[in-house]
K.L.:
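Starting off with a structure, shown below.
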Amino acid sequence: MSVEFSMRQLLACLNISVFDPAMEPALKKVCLTGTEQREEQKDPFCRLMPQIGMVVSALICFWGLRAYSLVAGAFLFLICGIALRKTASYSVRYFLRTYFLTGLLLLTKACFLFSPVAVIVLLFIFWGRSLFLPEGRWLRTVLSVLFFGYVSFLAGEYRTVFLGMFSIAGTAGLLLPLKNVYSREPSIIFAVFSLLLLLGNEVFFMLGFINPLQGSVVLSIVFAIELLLLFCCLRRDLETEEIFGSVIGILSLFLVGLCLSVGIEGSAALFLVSFFMDCPALGKIAAVLFACFLLVFLLSLSVSLLWAGIISLTAGLFFEGLRFQLKLLSSKECRE
């Protein structure tokens with residue numbers, strides 16, 4: 001149905017005649033929250049495919065219209081933004097969102113040529129506003145990606161510091177969500193994209209294209225802080241021996257980040273956060289990132305193929321044992 005009913009009309013159809021207009025905003029918010037929860041319960045892959053298609057289509061349109069970035073961007077941004085507020089049809093809104101995103105990309109390109117800092121400030125303002133909109137999931141996702149990308153591009157020699165800030169902000173947003181603040185999508189993007197950028201840097205450094213990312217010690221400390229944050233969230237439910245084991249685990253991962261690979265430490269920290277948050281999709285992403293960081297680390301070692309195989313086999317046995325222990329822990333929590 002493409003016609004949007006007001007709350008009063010809907011209650012009239014249900015033969016409810018007494019209605020306080022002051023209740024309409026609250027009821028709409030409850031309905032939007034319920035819709036958001038149903039979307040969360042869907043398969044992550046099925047939920048992301050339309051968004052990926054939208055972004056790809058918008059990028060193709062952006063590439064074709066980039067020569068007229070200011071005029072075309074302003075036109076698409078205003079027209080599609082106004083139309084989005086007037087229609088409730090899913091197919092029409094999907095079409096309008098695609099061109100709205102195209103206009104947003106064109107405007108950011110045009111403004112970036114005049115003042116890169118102004119673009120970041122505007123993106124931050126719109127991104128902050130989207131955190132309080134229950135229905136603004138796609139907008140939060142796009143603005144979070146753009147904000148992360150622009151800041152990382154302009155950070156220069158301070159990129160490590162900003163990566164650490166994004167990573168901590170993402171983990172804190174996942175572990176300590178605020179009431180009436182919809183920060184789940186930005187938190188996941190900040191946490192995952194920080195590791196993706198770190199992985200890309202390590203791959204290109206291994207291939208000899210760029211210099212290594214400076215400040216690996218800083219990132220090791222950042223990921224250790226995230227583990228401590230997770231520990232603080234779980235401390236009330238931990239027994240004495242579990243507390244001791246958690247401290248040993250945090251110190252061990254910190255040493256892994258210092259001596260071996262900071263990416264392995266970061267992806268392990270993200271996996272633990274996703275495990276205790278009961279977020280399987282994020283856990284799968286963290287596991288893939290962990291495998292990539294481990295592969296890059298093994299390829300960068302100056303050892304023979306035999307020793308590389310022995311190290312890989314040892315690591316595989318260790319992580320299989322860790323997976324088994326986590327499975328036992330999950331079964332124990334379910335029984336309790």
Side-chain angles (χ1 to χ4, degrees), residues 144 148 151-152 155 158-179 181 183-199 202 213-290 293-294 297 318-319 321-323 325-330 332-333:
S144 300
F148 179 89
V151 172
S152 300
Y158 301 103
R159 185 171 290 115
T160 303
V161 177
F162 282 100
L163 279 184
M165 293 172 59
F166 277 122
S167 184
I168 289 180
T171 304
L174 291 171
L175 294 175
L176 303 171
L178 299 177
K179 186 179 180 181
V181 177
S183 61
R184 185 177 181 85
E185 293 83 9
S187 299
I188 293 176
I189 288 172
F190 290 162
V192 172
F193 275 52
S194 299
L195 289 174
L196 284 176
L197 188 58
L198 179 60
L199 176 62
E202 290 191 2
L213 193 65
Q214 302 296 324
S216 58
V217 177
V218 174
L219 290 178
S220 297
I221 295 174
V222 165
F223 295 136
I225 292 174
E226 294 176 4
L227 290 170
L228 287 174
L229 186 61
L230 175 63
F231 173 76
C232 292
C233 294
L234 298 175
R235 70 185 188 279
R236 295 180 180 178
D237 300 323
L238 297 178
E239 299 177 356
T240 303
E241 58 181 19
E242 292 175 335
I243 292 176
F244 180 76
S246 299
V247 173
I248 295 298
I250 293 173
L251 291 176
S252 300
L253 283 176
F254 178 64
L255 292 176
V256 167
L258 285 179
C259 304
L260 299 180
S261 170
V262 68
I264 292 177
E265 179 193 2
S267 54
L270 182 62
F271 177 80
L272 291 174
V273 170
S274 64
F275 174 78
F276 287 103
M277 282 184 55
D278 193 20
C279 185
L282 184 59
K284 293 176 182 178
I285 295 174
V288 172
L289 287 172
F290 184 91
F293 279 113
L294 183 61
F297 171 72
F318 171 76
F319 292 119
L322 179 61
R323 185 194 68 84
Q325 291 295 326
L326 291 175
K327 186 177 180 180
L328 289 179
L329 180 59
S330 178
K332 180 181 177 182
E333 290 181 350

K.L.:
Side-chain atoms of residues 189-196: list all donor-acceptor pairs with protein atoms under 3.5 Å, sequence neighbours left out, distances to 0.1 Å.
P.N.:
from	atom 1	to	atom 2	distance (Å)
Ser194	OG	Phe190	O	2.6

K.L.:
Does Leu230 have any side-chain contact (heavy atoms from CB on, under 4.5 Å) partners at least two apart in sequence or in another chain, and if so, which?
P.N.:
Leu175, Leu234, Leu272, Val273, Phe276

K.L.:
Kindly indicate whether the side chain of Val262, heavy atoms from C-beta on, has any atom under 4.5 Å from the side chain of Glu202.
P.N.:
yes

K.L.:
Should we count CZ of Phe162 as having more than 12 external heavy atoms under 6.0 Å?
P.N.:
no

K.L.:
Between Gly164 and Leu219, which heavy-atom pair has the shortest distance, and what is it?
P.N.:
N-CD2, 4.0 Å

K.L.:
Using the test ring-ring contact (aromatic ring centres under 6.0 Å, His included), find all partners of Phe290 that sit at least two apart in sequence or belong to another chain.
P.N.:
Phe319

K.L.:
With sequence neighbours excluded, tell me which residues meet side-chain contact (heavy atoms from CB on, under 4.5 Å) with Val256.
P.N.:
Leu260, Ile264

K.L.:
Please identify each residue that fulfils side-chain contact (heavy atoms from CB on, under 4.5 Å) with Cys232, with sequence neighbours left out.
P.N.:
Arg235

K.L.:
Which residue pairs pass the side-chain hydrogen bond (donor to acceptor under 3.5 Å, both in side chains) test with at least one member in residues 280-290, sequence neighbours excluded?
P.N.:
none

K.L.:
Compare all side-chain heavy atoms of Ile188 with those of Ile285 and state whether any distance is below 4.5 angstrom.
P.N.:
no

K.L.:
So, for Ser187 and Gly170, which heavy atoms are closest and what is the spacing to 0.1 Å?
P.N.:
CB-O, 3.2 Å

K.L.:
Looking only at heavy atoms, what is the nearest atom pair of Phe223 and Ser167, with distance?
P.N.:
CE2-OG, 3.5 Å

K.L.:
Side-chain donor-acceptor contacts of residues 248-255 below 3.5 Å, not counting sequence neighbours, with atom names and distances?
P.N.:
from	atom 1	to	atom 2	distance (Å)
Ser252	OG	Ile248	O	2.7

K.L.:
Could you work out, with side chain to side chain donor-acceptor pair (under 3.5 Å) as the rule, every residue matching Thr171, not counting sequence neighbours?
P.N.:
Glu226

K.L.:
Which atoms form the tightest heavy-atom contact between Gly283 and Ser274, and what is the distance?
P.N.:
CA-OG, 3.1 Å

K.L.:
Could you tell me the separation between the CG atom of Leu198 and the CG atom of Leu163, rounded to the nearest 0.5 Å?
P.N.:
7.0 Å

K.L.:
Which pair of heavy atoms, one from Phe231 and one from Ile243, lies closest together, and at what distance?
P.N.:
CZ-CG2, 3.7 Å

K.L.:
Does the side chain of Pro177 reach to within under 4.5 Å of the side chain of Arg184, using non-hydrogen atoms?
P.N.:
no

K.L.:
Any chance you could measure Ser267, atom OG, to Leu289, atom CG, to the nearest 0.5 Å?
P.N.:
6.5 Å

